[in-house]
Amino acid sequence: MIGLVGGHLLVRLDEDWRPPGDISFAAGSLISYDLAEWKQDPMRAKASLVFQPGPRQALSGLGATKNLLILTILENVQSRAFAYKYDHGAWSATPIPLPEHANVSLLATSDETDRAMFAVSSYLRPTSVWYFDAESKSLEELKTTPAAFDASNHIVEQLEATSRDGTSIPYFLVRPKNARFDGTIPTLLYGYGGFQASLLPSYLGPVGRLWLEQGNAYVVANLRGGGEFGPQWHQAAQTATKQTTWDDFIAVAEDLIRRKITSPSRLGIIGGSQGGLLVGAAITQRPELFNAAIIKVPLFDMLRYTRLGAGASWIGEYGDPAIAEQRAWIEGYSPYQKLMAGKTYPAPLILTSTKDDRVHPAHGRKAAAKLAALGQPYFYYENIDGGHSAAANLREYARQLALEYTYASRRLCSE
């Protein structure tokens, strides 16, 4: 259950559901019940459809004003906002004309009026706050955060790669406007792909100042395992099918090379936590595609992850290595076990924290130790403080960024 709006009880579905009768609802849908009817007999109360996602849609946020339901909806990993009203037995939607090609978040709603506030952010445009008044149909930008870098020389494109099973995987490319497609652009590819977490457009700030302003490119991949297209997108790369996430990431890397945006000598990958596992899987499965790999606070030894830190709580995502059948899934990709002699890896930078209370630093330490035992080059930095962010304050965060982008520049930008 989500809450109450104008005498209607709202329910969000994570699975397909068929209540008694002829109507069925798809996973990711939002439905409502008349509260008075539901109180009389919950089993006989009739559900009304508020929102049902299309193939490339997902509900991302909602809130209520005095008379309206405000929804933010992802459509092909870009946000739109709508005001919904219940009238004559059905819900109708009116678009709220916020900037396009951005991430829209609902910040606040008023339960005394039909007013709401939104945050709007994109890769090259600083986050701004917008005020919406449905009564007067007015929409106003109230404030914008200061720009952190010069974005005038870059553009954002949304492209798609084809994964191993034929699925189209969207990704955002932030590149120089005057790019020559000859494979020479130093490019960092970022991904996550887990726990139904969506990677949405957000201002690149430090990345822009430290990487884009130098004429480089940055890529964000929307992999299965995330939540960009609702529960099914997550479930398609969970437990027995987790390899799908790694396949999607590798497909994006191959697509960047195929389009001659970059080349293996100019392509680096970056990710943290589940994203660190992603990077570890990518460099052990296809090391020839990359010349840099930034592995932050990573999961790495997946055959022992349930015994380290909070790992046992993630069995629903990866499976249980104590069960033989599930161990086989995990052993097929666990980066620690896949590091082996005779292969050349792209000298990764491994970052972790002594006080990481979520992903135990043993994962990063074991990755470094295994590379050392194989005689493979690597870089390793363990911050004493900082928990799972590996930085306890702005000074430590600045040091971390300096390490990451100095490493990336030396690996990918040098002649």
Side-chain angles (χ1 to χ4, degrees), residues 76-78 100-103 121-126 147-164 168-191 199-223 247-271 275 278-279 282-283 286-294 344-349 401-415:
N76 205 29
V77 206
Q78 299 182 52
E100 297 181 342
H101 310 301
N103 176 26
S121 184
S122 60
Y123 292 113
L124 298 178
R125 190 177 187 274
F149 67 98
D150 179 4
S152 63
N153 294 321
H154 278 73
I155 61 171
V156 179
E157 295 178 307
Q158 189 179 34
L159 304 172
E160 291 192 348
T162 302
S163 194
R164 178 182 290 184
S168 293
I169 308 302
Y171 65 91
F172 289 98
L173 167 65
V174 186
R175 64 164 178 86
K177 291 178 180 177
N178 60 353
R180 292 179 301 170
F181 297 104
D182 57 5
T184 61
I185 306 173
T187 302
L188 276 177
L189 166 59
Y190 173 75
L199 296 186
L200 309 179
S202 61
Y203 189 53
L204 288 175
V207 175
R209 187 63 179 268
L210 300 173
W211 186 250
L212 296 178
E213 280 191 352
Q214 282 63 51
N216 304 325
Y218 192 79
V219 177
V220 178
N222 300 112
L223 314 171
D247 290 343
D248 291 355
F249 195 56
I250 289 167
V252 173
E254 291 177 327
D255 197 63
L256 291 167
I257 295 167
R258 181 186 64 81
R259 295 176 188 268
K260 295 187 177 180
I261 294 162
T262 191
S263 59
S265 65
R266 298 287 189 181
L267 178 58
I269 46 179
I270 180 171
L278 170 70
V279 174
I283 66 167
R286 295 294 303 278
E288 76 282 2
L289 291 178
F290 316 107
N291 197 36
I294 300 173
T344 300
Y345 301 102
L349 169 62
L401 288 173
L403 289 171
E404 291 175 22
Y405 288 97
T406 299
Y407 162 84
S409 295
R410 290 180 179 177
R411 296 289 301 179
L412 304 177
C413 302
S414 301
E415 295 298 331

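For the atom pair CG (L210) and CG (L212), the distance works out to 9.5 Å, reported to the nearest 0.5 Å. With rounding to the nearest 0.5 Å, the separation of CZ in R266 from CD1 in I257 is 13.0 Å. Taken to the nearest 0.5 Å, the CZ atom of F290 stands 6.0 Å off from the CG atom of L267. In this structure, C413 SG and W211 CH2 are separated by 4.0 Å, a value rounded to the nearest 0.5 Å. Atom CD1 of residue I270 and atom CG of residue L278 lie 11.5 Å apart, to the nearest 0.5 angstrom. Rounded to the nearest 0.5 Å, atoms CD1 (I294) and CG (L188) are 5.5 Å apart.
Proximity of a side-chain donor or acceptor of H154 to a complementary backbone N or O of N216 within less than 3.5 Å is detected. A donor-acceptor pair is defined here as one N or O able to donate and one able to accept, closer than 3.5 Å; such a pair exists between the side chain of R411 and the backbone of N291. Between the side chain of E213 and the main chain of D150, a donor-acceptor pair closer than 3.5 Å is present. The backbone N or O of L199 sits less than 3.5 Å from a side-chain atom of N222, completing a donor-acceptor pair. Y407 places a side-chain N or O within 3.5 Å of a backbone atom of A293 that can act as its donor or acceptor partner. In this structure, the side chain of S263 does not engage the main chain of T184 through any donor-acceptor pair within 3.5 Å.
Using a 4.5 Å cut-off on side-chain heavy atoms (C-beta onward), P176 and N153 make no contact. Under the 4.5 Å side-chain criterion, counting only non-hydrogen atoms from C-beta, R286 is in contact with E288. Here the side chains of V219 and I261 are not in contact, with every heavy-atom distance at 4.5 Å or above. Contact annotation: the side chain of Y123 never approaches that of V207 to less than 4.5 Å [non-hydrogen atoms, C-beta and beyond]. Side chains of R175 and F181 form a contact here, defined as non-hydrogen atoms less than 4.5 Å apart.
Residues P287 and Y345 share a closest heavy-atom pair of CB-CD2, 4.0 Å. Closest non-hydrogen pair, A402 versus T406, comes out as O-OG1, 2.7 Å. Across A251 and A161, no two heavy atoms sit closer than the pair O-CB, 3.6 Å. Taking every heavy atom of both residues into account, T187 and I185 meet most closely at OG1-O, 2.9 Å. Contact detail for F172 and Q78: the closest heavy-atom pair is CZ-CG, 4.0 Å. In terms of heavy atoms, S121 sits closest to S202 at OG-CA, 3.4 Å.
More than 12 heavy atoms of other residues, nucleotides or ligands shown are found within 6.0 angstrom of CZ on R258. More than 12 heavy atoms of other residues, nucleotides or ligands shown are found within 6.0 angstrom of CZ on R259.
With no hydrogens or angles considered, a side-chain donor-acceptor pair links S163 and D248 at under 3.5 Å.
Two rings, from Y203 and F149, have their centers less than 6.0 Å apart.
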Given side-chain contact (heavy atoms from CB on, under 4.5 Å), test L223 with I169 step by step and report yes or no.
-> CA-CA 6 Å; L223 314 171; I169 308 302; 4.2 Å; yes

Take Q158 and N76 through the test side-chain contact (heavy atoms from CB on, under 4.5 Å) and record every step on the way to the result.
-> CA-CA 9 Å; Q158 189 179 34; N76 205 29; 3.2 Å; yes

Give the C-alpha distance, both sets of side-chain angles, the deciding distance and a yes or no for side-chain contact (heavy atoms from CB on, under 4.5 Å) between Y171 and D255.
-> CA-CA 10 Å; Y171 65 91; D255 197 63; 2.6 Å; yes

